[in-house]
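Counting begins at 1 with the first residue of the sequence.
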Amino acid sequence: MATVVRGERRPFGPIRNDISGLAVTRRQIGGEGACRWKMLMNGMHLEGQWNCVEYGVIEPGGSVGEHVHLRTEEIYYIVSGHPVMTINGVEQPCAPGDLITTPIGCAHAIANPTTEDMHFFVVEVFPGKGPSAPSARFHLPDLRPVAGGAAVDVDLRPHFTGDWKRFRLMELAPGVSDTVLSASTTEVVHVLSGSAAITVESERYTGAKGLSVAIPPGLSRTLKNVDSTQPLRMIITEVTVA
């Protein structure tokens with residue numbers, strides 16, 4: 001999606017948000033108890049077929065009721081806590097580091113049966129054509145060494161019909177930077193822990209846990225760990241732009 005100014009196509013710039021100021025919802029989508037929720041990015045402000053990027057907290061005993069997306073495909077990443085997801089009637093205990101796909105037409109619900117808050121990150125993207133894939137679950141705590149840190153990737157393309165590309169869990173060592181000179185996708189970077197400086201062209205965004213930055217395609221960006229002692233851990237969701 002892009003704006004048009006005086007006949008010239010001009011893509012959107014980067015977006016910064018964080019997880020402060022969560023709204024409180026009760027019995028969300030027919031569930032139980034209380035949830036705290038925030039839309040971090042509205043898809044109309046992102047390049048590509050994004051619908052939204054959200055962050056949620058389910059309080060102890062709370063839940064999001066069963067529902068079916070008829071117009072979007074969705075991923076859930078469990079940031080903390082031990083929820084139970086129900087996928088097409090089957091209960092699946094989940095843990096921090098789990099990535100769950102819910103393709104279009106998939107009935108799903110999520111509940112927190114524990115005594116601690118449960119935090120999760122959600123992305124929804126509009127679908128393409130073709131048959132829906134089954135739901136899948138990946139556990140991502142085991143990172144593989146890469147230059148300056150560690151990472152693990154999930155190729156999202158086989159699991160959806162839309163323009164998804166990759167989900168990455170990434171860790172940078174103290175003082176280390178990761179630079180991409182010209183991204184070919186729209187990226188949403190979300191900080192899980194540590195202290196980050198995210199530079200997109202001439203704009204610099206700093207923050208800690210809960211910082212989210214959307215980076216349009218075609219722009220250079222640098223992710224830097226500005227802490228001198230602790231690693232920086234992030235998740236990065238990529239969607240291609242036709």
(message) With a 3.5 Å distance limit and no angle check, can you tell me whether T101 reaches the backbone of A136 through a side-chain donor-acceptor pair?
(response) yes
(message) Please check: side-chain N/O of E201 versus main-chain N/O of S220, any donor-acceptor pairing under 3.5 Å?
(response) yes
(request) Quick one: do M234 and L192 satisfy side-chain contact (heavy atoms from CB on, under 4.5 Å)? Show the steps, please. (result) CA-CA 5 Å; M234 302 163 287; L192 298 175; 5.9 Å; no
(request) Answer with yes or no whether the hydrophobic clustering places I19 together with I235; edges join I, L, V, M, F, W, Y residues whose side-chain heavy atoms lie under 4.5 Å apart. (result) yes
(message) If only side-chain N and O atoms count, and only distance matters, is there a donor-acceptor pair under 3.5 Å linking E73 with T161?
(response) yes
(message) Could you report the tightest heavy-atom contact between S135 and I100, atom names first, then the distance?
(response) OG-CG2, 4.2 Å
(request) Output yes when K165 and D155 qualify as a salt bridge under the 4.0 Å nitrogen-oxygen rule, no when they do not. (result) no
(request) Return the orientation label for the Y55 and H119 ring planes: parallel under 30°, perpendicular over 60°, tilted otherwise. (result) perpendicular
(message) If I compare all heavy atoms of P103 with all of H159, which pair ends up nearest, and what's the gap?
(response) CG-O, 4.0 Å
(request) Starting at CD of E171, measure out to CZ of R233 and round the result to the nearest 0.5 Å. (result) 4.5 Å
(message) Run the side-chain hydrogen bond (donor to acceptor under 3.5 Å, both in side chains) test on H108 and E74 for me, step by step, so that the C-alpha distance in whole Å, both residues' side-chain angles and the decisive distance to 0.1 Å come before the verdict.
(response) CA-CA 11 Å; H108 55 287; E74 186 174 35; 2.9 Å; yes
(message) Testing the basics here: between L232 and G194, what is the closest heavy-atom pair and its distance to 0.1 Å?
(response) CD1-C, 4.1 Å
(request) Indicate whether any N or O donor in one side chain lies under 3.5 Å from an N or O acceptor in the other, for S212 and H190. (result) yes
(message) Could you check whether any side-chain N or O of N42 sits under 3.5 Å from a backbone N or O of H45, counting only pairs where one atom can act as donor and the other as acceptor?
(response) no
(request) For residues P217 and T186, report the shortest heavy-atom separation together with the two atoms involved. (result) CD-OG1, 3.2 Å
(request) Verify the ring-centre separation between Y77 and F167: is it less than 6.0 angstrom? (result) yes
(request) Indicate the ring-plane relationship of W164 and F160, choosing parallel, tilted or perpendicular according to the 30° and 60° boundaries. (result) parallel
(request) For the pair H69 and F126, evaluate ring pair (Phe, Tyr, Trp, His ring centres under 6.0 Å) and give the outcome as yes or no after the intermediate values. (result) CA-CA 10 Å; H69 290 279; F126 293 110; over 10 Å; no
(message) Checking the side chain of T72 only, and the main-chain atoms of V125 only, is there a donor and an acceptor separated by less than 3.5 Å?
(response) no
(message) Under a 3.5 Å distance rule, please check whether S63 uses its side chain to pair with a backbone N or O of E32 as donor and acceptor.
(response) yes
(message) Test of understanding: clusters of I, L, V, M, F, W, Y form through side-chain heavy atoms closer than 4.5 Å, transitively. Do V200 and V189 belong to the same one?
(response) yes
(request) For the pair N112 (side chain) and I58 (backbone), establish whether a donor and an acceptor sit closer than 3.5 Å, ignoring hydrogens and angles. (result) yes
(request) Kindly check if the number of other-residue, nucleotide or ligand heavy atoms within 6.0 Å of CZ (R137) is above 12? (result) yes
(message) Quick check for you: to the nearest 0.5 Å, what is the distance between R166 atom CZ and T240 atom OG1?
(response) 13.0 Å
(request) Please check if the side chain of D98 supplies one atom and the backbone of I78 the other of a donor-acceptor pair under 3.5 Å. (result) no
(message) Tell me whether D18 is salt-bridged to R16, with the criterion being a basic N under 4.0 Å from an acidic carboxylate O.
(response) yes
(message) Do the side chains of E238 and R168 get close enough for a salt bridge, i.e. N-O under 4.0 angstrom?
(response) no
(message) Restricting to non-hydrogen atoms, name the atom on M39 and the atom on N17 that form the minimum distance, rounded to 0.1 Å.
(response) O-ND2, 3.8 Å
(request) Following the transitive rule for hydrophobic clusters with a side-chain heavy-atom cut-off under 4.5 Å over Ile, Leu, Val, Met, Phe, Trp and Tyr, establish whether V123 and W37 coincide in one cluster. (result) no
(request) Pick out which of I236, T179, V180, T199 makes a side chain to side chain contact (heavy atoms under 4.5 Å, CB included) with L223. (result) I236
(message) I'd like to know if R36 and D117 make a salt bridge, using a cut-off of under 4.0 Å between side-chain N and carboxylate O.
(response) yes
(message) Side-chain heavy atoms nearer than 4.5 Å, only ILVMFWY residues, links allowed to pass through others: does that put I15 and F121 together?
(response) yes
(message) Donor-acceptor pair, distance only, cut-off 3.5 Å: does the side chain of N88 make one with the backbone of A107?
(response) yes
(request) Flag yes if more than 12 heavy atoms outside E116 fall under 6.0 Å of its CD atom; otherwise flag no. (result) no
(request) Work out which heavy atom in V84 is nearest to a heavy atom in P113; give both atom names and the distance. (result) CG2-CG, 4.0 Å
(request) Apply salt bridge (charged side-chain N to carboxylate O under 4.0 Å, His left out) to D178 and R221, showing your working. (result) CA-CA 8 Å; D178 177 79; R221 60 91 168 139; 2.7 Å; yes
(request) Considering only NZ, NE, NH1 and NH2 on the basic side and carboxylate oxygens on the acidic side, decide whether K38 and E54 come within less than 4.0 Å. (result) no
